[in-house]
K.L.:
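Dropping the structure in here first, questions after.
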Amino acid sequence: MELSEAPHAIEAILFVSGEAVAVPELALALGLSEMETMHAVELLQKEYESQTRGIAIRRYGDHLKLETRAEYAPYVERLLQPVQRQTLSQAAMETLAVIAYSQPATKGEVEHVRGVKCDYSVQSLLHKGLIQEVGRKEALGRPILYATTDKFLEHFGIADVRELPPLPQLTGAAQQSDEPPLTP
Amino acid sequence: MELSEAPHAIEAILFVSGEAVAVPELALALGLSEMETMHAVELLQKEYESQTRGIAIRRYGDHLKLETRAEYAPYVERLLQPVQRQTLSQAAMETLAVIAYSQPATKGEVEHVRGVKCDYSVQSLLHKGLIQEVGRKEALGRPILYATTDKFLEHFGIADVRELPPLPQLTGAAQQSDEPPLTP
Amino acid sequence: MGIHIRLKQFDGPLDLLLHLIGKAKIDIKDVFVSEITEQFIEVVRSAEDFDLELASEFIAMAALLVEIKSRALLPKPPKTEEEEDPEQALIARLTAYKQFKESAQNMAEFEQNALQIFGKLPEEIPLPPPTLELDGLTLEALWLALRRVAERKPKEDRQVDYRLRDIRRDCYTVESCMEVIQSRLSVGEIPFEELFCSVPGREEVVTLFIALLELLKLGKVYVTQCEALERIILHPGRRQGFGIE
């Protein structure tokens with residue numbers, strides 16, 4: 001396709017699909033390289049932003065999604081009852097925080113940090129698609145390693161895990177060497 | 001709300017709604033009069049049209065709806081239903097070769113030549129549109145006769161089955177050196 | 001302190017410990033010079049929803065706290081390099097847990113902000129049948145496939161003309177069977193079963209029967225049977241009138 005047409009073709013595709021679309025799939029549909037596709041996406045994003053449109057293109061990891069701008073939420077909610085994403089329980093959020101900040105992490109590592117069994121919250125996060133199995137740890141029992149997904153990014157409205165605030169630095173507590181290594 | 005914000009608030013509402021929204025409802029949600037609302041809609045429509053965007057606002061009576069532009073439909077279709085690339089299995093290629101050179105042929109005849117059951121490969125070739133039923137043989141059981149299709153010719157880049165290379169000459173067992181009479 | 005505490009409201013013993021530390025307004029590292037151990041045991045002991053399933057982790061923590069506290073009362077053994085100080089280990093766990101707990105709260109804020117963003121449902125699009133692209137369809141591949149088939153066949157079959165013909169000549173045809181029946185009947189009537197040889201094949205039976213039906217239709221043969229399950233007799237020629245002959 002013509003490169004100049006690409007941004008608006010992307011707009012049409014994202015509009016129709018509703019859900020987040022993976023960049024490689026988008027590139028395939030357009031018959032463009034992934035680099036050309038991302039370039040077109042950036043053009044479109046700029047166009048949207050310069051006009052403060054009602055909708056915006058957001059990137060979640062490797063996925064792109066067309067969504068409303070947060071500032072128009074009151075008007076949208078006044079007329080429609082949009083399907084709200086469910087918020088996570090405290091237990092699930094804690095489990096997710098440990099995995100997000102120390103990924104990839106095993107269930108055992110999460111349980112060590114939280115001090116409770118985490119079977120249920122890990123299952124629930126897997127089911128919601130917020131975490132995924134990414135391999136096995138080379139350790140006794142070869143436990144499954146978990147990491148966050150692009151859907152996790154979408155749930156929290158960030159493009160990359162690095163956009164999460166850094167782990168809070170606690171004053172007065174000596175850092176211990178037996179903690180799981182963290183990569184915030 | 002600010003009148004200048006109205007077009008993009010309308011965009012956000014129409015986007016989330018997915019369905020046609022009545023102008024009075026839209027006006028209510030925005031806290032504007034219907035006339036102000038329609039004015040904002042016209043501004044938004046003009047903005048869309050001047051940019052040949054991927055989506056457009058359509059009016060149905062006093063209802064408004066956000067839709068994709070028809071010219072981008074092929075890209076959308078390609079995303080939702082990507083072209084599947086396949087190769088023919090060796091078994092299917094053999095079955096196709098026997099049918100191509102002796103058409104019309106029954107499954108029984110192909111099986112006799114190949115020395116194996118050919119139900120699966122015949123089904124697969126039918127499904128791929130490379131062969132078709134062309135009648136029934138006047139013999140016991142009136143078996144179905146198969147022949148190649150125009151799609152077959154198209155795939156092999158020939159205009160007529162008579163353009164197929166001549167049959168392999170296999171008069172002796174030591175005929176290892178004979179090459180297909182083709183100029184690739 | 002208020003004892004009306006349910007264990008369920010805490011995500012495990014570390015959560016309860018942090019809660020008590022927060023309430024006492026002390027630093028994590030001061031946990032063992034405080035009354036936290038006693039408070040912890042009291043909470044677990046008097047919990048309204050005490051059941052072993054839920055409480056086992058709390059009880060294990062209580063045991064650990066008591067162990068650490070009692071160690072402090074004993075003279076300190078000379079420190080060995082590899083031995084882990086359970087007090088320092090627990091403080092480290094509490095510290096790490098507190099960090100993640102706060103991160104979870106930060107993440108909940110992100111989650112709340114994301115709730116202000118709406119997507120839309122996918123459009124319903126009628127799709128054309130899937131297009132299939134086939135790779136490797138060349139005349140050469142087709143020709144080679146045919147040669148492969150030919151080479152697999154036994155040598156004596158090699159000279160086969162690949163223009164396919166009938167595989168096997170039918171031994172019985174309806175026409176020949178009609179002639180057989182008529183010639184048998186030319187000397188007079190015969191019982192139906194004598195039409196067949198002693199060990200008839202399926203093809204013979206089927207073809208002869210079809211031939212017989214054909215002759216009946218053409219009026220060249222007729223059949224009689226005196227009673228049900230009696231012998232069936234074949235007669236040459238067209239039946240005269242009705243009734244049993």
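All of these numbers come straight from a predicted model, not from anything done at the bench. Residue numbers start from 1 in every chain, and the chains themselves are labelled A, B, ... in the order their sequence lines are given, proteins ahead of strands.
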K.L.:
For B/K65, is the NZ atom crowded, meaning more than 12 foreign heavy atoms sit under 6.0 Å from it?
P.N.:
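Yes, NZ of B/K65 has more than 12 neighbouring heavy atoms, counting only those of other groups under 6.0 Å.
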K.L.:
If I measure from the heavy atoms of chain B, does A/E47 come under 4.5 Å with its side chain, its backbone, both, or neither?
P.N.:
side chain
K.L.:
When rounded to the nearest 0.5 angstrom, what is the spacing between CZ in B/R78 and CG in A/L26?
P.N.:
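Interatomic distance, B/R78 CZ to A/L26 CG, rounded to 0.5 Å: 11.0 Å.
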K.L.:
Tell me, side chain or backbone of A/L66 under 4.5 Å from chain B's heavy atoms, or both, or neither?
P.N.:
both
K.L.:
Taking side chain as everything from C-beta outward and backbone as N, CA, C, O, which of these in A/L80 sits under 4.5 Å from a heavy atom of chain B? Side chain, backbone, both or neither.
P.N.:
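Contact with chain B: side chain only.
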K.L.:
Who among B/E67, B/H8, B/E71 has the most heavy-atom pairs with chain A under 4.5 Å?
P.N.:
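The residue among B/E67, B/H8, B/E71 with the greatest pair count is B/H8.
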K.L.:
Restricting to non-hydrogen atoms, name the atom on A/T68 and the atom on B/A12 that form the minimum distance, rounded to 0.1 Å.
P.N.:
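Closest pair (atom of A/T68, atom of B/A12, distance): CG2-O, 3.8 Å.
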K.L.:
Report yes if some heavy atom in the side chain of A/L79 is under 4.5 Å from a heavy atom in the side chain of B/L28; otherwise report no.
P.N.:
no
K.L.:
Got more than 12 heavy atoms from elsewhere within 6.0 Å of CD, B/E163?
P.N.:
yes
K.L.:
More than 12 non-hydrogen atoms from neighbouring residues, nucleotides or ligands closer than 6.0 Å to CG on B/D150, yes or no?
P.N.:
no
K.L.:
Working to the nearest 0.5 angstrom, can you tell me the gap between B/L30 CG and A/Y75 OH?
P.N.:
7.5 Å
K.L.:
Which atoms of B/R69 come close to chain A, meaning under 4.5 Å heavy atom to heavy atom: side chain ones, backbone ones, both, or neither?
P.N.:
neither
